[in-house]
Amino acid sequence: MSLIDKLIWQIEMRLHQQVTLHDLARACAVSPYHMARSFRIAAGLSPMAYLRARRLSVAAKALATGDQDILSVALAMPYNSHEAFTRAFVSYFGVTPQSVRQARSVETLILMEPLKMQKEMIVDVAAPEIRNRAGFRVVGLSVKARFDDNSALAGLWQQFNAREDEVSDVIGDCAYGVCCDADEKGSFRYVAGVEAPRNASIPKGMTEVLLPEGRYAVFTHFGHIADFPKTVYTIWNKTLPDAGLEPRQAPDLELYDQRFNVETGRGEVEIWIPVD
């Protein structure tokens with residue numbers, strides 16, 4: 001069973017219980033970071049946000065039957081009070097629990113149904129190489145992105161390629177895509193750049209990200225860059241757990257060198273995941 005399937009099953013079993021992110025991670029035998037990152041890539045939101053959405057959706061269906069009063073539904077979900085449940089319900093659906101109970105319908109609500117593993121996203125990914133790397137600095141352009149929508153990244157790379165010569169004293173002939181500063185909403189900061197010395201100036205409008213020294217699991221994506229999301233999805237939701245590797249909370253990165261053809265979008269891209 002994949003990590004996402006395990007997590008969804010654990011959530012469905014615990015809809016009516018008080019549960020924390022650490023409880024879910026422990027039940028899935030992974031760290032909270034690994035679980036949260038994998039789930040964000042698969043679903044575009046955090047496990048706890050999904051749990052809240054599922055609880056409120058189940059509650060809405062219960063209210064629409066009209067058989068239970070609002071407090072009983074709230075306590076079953078489990079919210080500590082009528083008021084806390086109503087605030088959460090209105091925040092998510094934009095209507096009150098009472099209005100749903102009176103209407104005896106959820107047709108106007110966008111419910112969160114149980115998610116399923118996207119089997120079509122699973123592709124063949126070879127076992128990783130384990131490498132150690134000293135800390136280094138990447139200078140480039142950045143953008144806010146989402147794990148479920150990377151549409152902004154192609155434009156960012158075009159902008160950076162046009163300005164790459166502005167970075168002084170570039171180290172090596174590789175370009176890096178760095179994913180960092182992920183949050184619970186499924187957003188992260190993506191930096192497209194090159195390695196530069198610690199004392200090199202940062203061109204106007206650019207930024208830096210410092211990569212810590214550490215151990216990495218290095219995977220390789222083969223083929224067109226359009227299929228890159230499938231490789232990343234498979235790594236986080238299948239290959240890493242299958243290999244028994246536990247990611248540590250640090251930026252992960254993509255390495256583009258002479259093996260990747262920028263003009264055709266084809267070639268090999270290395271994906272470096274920091275692991276314990």
Side-chain angles (χ1 to χ4, degrees), residues 2-3 25-26 28-41 123-142 145 147 150 153 157 160 164 167-183 188-200 202 206-223 225 227-260 262 267-276:
S2 72
L3 175 56
R26 189 161 46 248
C28 294
V30 295
S31 72
Y33 174 76
H34 185 174
M35 184 182 70
R37 178 68 190 275
S38 299
F39 197 79
R40 288 188 191 106
I41 289 173
V123 296
D124 292 331
V125 175
E129 296 181 27
I130 303 299
R131 303 181 197 170
N132 292 304
R133 176 151 187 175
F136 65 106
R137 177 185 187 230
V138 170
V139 173
L141 295 173
S142 72
F147 290 117
N150 294 329
L153 303 191
W157 275 109
F160 176 73
E164 182 177 352
V167 183
S168 59
D169 302 320
V170 174
I171 299 172
D173 58 357
C174 302
Y176 297 91
V178 183
C179 300
C180 54
D181 303 335
D183 61 29
F188 64 99
R189 184 167 67 102
Y190 185 90
V191 179
V194 290
E195 183 177 357
R198 296 296 178 104
N199 59 353
I202 302 175
M206 292 194 185
T207 187
E208 68 173 358
V209 59
L210 301 179
L211 284 300
E213 177 182 6
R215 183 170 176 257
Y216 290 84
V218 181
F219 300 85
T220 303
H221 167 76
F222 299 91
I225 199 66
D227 293 323
F228 189 77
K230 292 183 178 181
T231 298
V232 173
Y233 185 97
T234 302
I235 287 171
W236 280 92
N237 293 296
K238 186 176 187 303
T239 317
L240 272 173
D242 287 353
L245 293 170
E246 189 59 55
R248 56 187 165 87
Q249 196 161 354
D252 53 272
L253 57 110
E254 306 150 10
L255 184 153
Y256 299 86
D257 57 19
Q258 70 281 357
R259 293 171 293 173
F260 180 74
V262 176
E268 298 179 21
V269 180
E270 289 185 357
I271 302 164
W272 291 56
I273 307 294
V275 294
D276 291 327

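All residue numbers in this chain count up from 1 along the given sequence.
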Is any side-chain heavy atom of [X] less than 4.5 Å from a side-chain heavy atom of [Y]?
| X | Y | result |
| --- | --- | --- |
| His34 | Cys28 | no |
| Leu3 | Leu240 | no |
| Val262 | Trp157 | no |
| Tyr190 | Glu254 | yes |

Under the rule for side chain to side chain donor-acceptor pair (under 3.5 Å), what residues qualify as partners of [X], not counting sequence neighbours?
| X | answer |
| --- | --- |
| Asp252 | Arg37 |
| Asp169 | none |
| Tyr176 | Arg133 |
| Asp227 | none |

Looking at [atom1] of [X] and [atom2] of [Y], how far apart are the two atoms once the value is rounded to the nearest 0.5 Å?
| X | Y | atom1 | atom2 | value |
| --- | --- | --- | --- | --- |
| Glu164 | Met206 | CD | CE | 8.5 Å |
| Glu246 | Ser31 | CD | OG | 3.5 Å |
| Glu213 | Phe136 | CD | CZ | 12.0 Å |
| Asp276 | Tyr33 | CG | OH | 10.5 Å |
| Ile41 | Phe188 | CD1 | CZ | 8.5 Å |
| Leu211 | Leu253 | CG | CG | 5.5 Å |

I need the minimum non-hydrogen distance between [X] and [Y], along with the two atoms involved.
| X | Y | answer |
| --- | --- | --- |
| Pro251 | Pro212 | CD-CD, 4.2 Å |
| Leu255 | Cys174 | CD2-SG, 4.0 Å |
| Gly214 | Arg248 | CA-NH2, 3.1 Å |
| Ile273 | Pro247 | CG2-CB, 4.2 Å |
| Cys180 | Val191 | SG-CG2, 4.5 Å |
| Pro274 | Ala250 | CG-O, 3.5 Å |

Residue list, salt bridge (charged side-chain N to carboxylate O under 4.0 Å, His left out) with [X], at least two apart or on another chain:
| X | result |
| --- | --- |
| Arg215 | none |
| Arg131 | Glu129, Glu270 |
| Lys238 | Asp242 |
| Glu208 | Arg137 |

In chain order, what residues pass the ring-ring contact (aromatic ring centres under 6.0 Å, His included) check against [X], with sequence neighbours excluded?
| X | answer |
| --- | --- |
| Phe219 | none |
| Phe160 | none |
| Tyr216 | Trp272 |

Item to check | Distance-only donor-acceptor check, side chains Thr220 and Glu268, under 3.5 Å | outcome: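 No, no side-chain donor-acceptor contact under 3.5 Å.
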
Item to check | Backbone of Trp236 reached by a side-chain donor or acceptor of Ser38 within 3.5 Å | outcome: yes

Next on the checklist: With a sphere of 6.0 Å drawn around CG of Asn132, does it hold more than 12 non-hydrogen atoms of other residues, nucleotides or ligands?
Outcome noted: yes

Checklist entry - Does Val123 have any side chain to side chain contact (heavy atoms under 4.5 Å, CB included) partners at least two apart in sequence or in another chain, and if so, which? => result Val125, Lys230, Thr231, Thr234

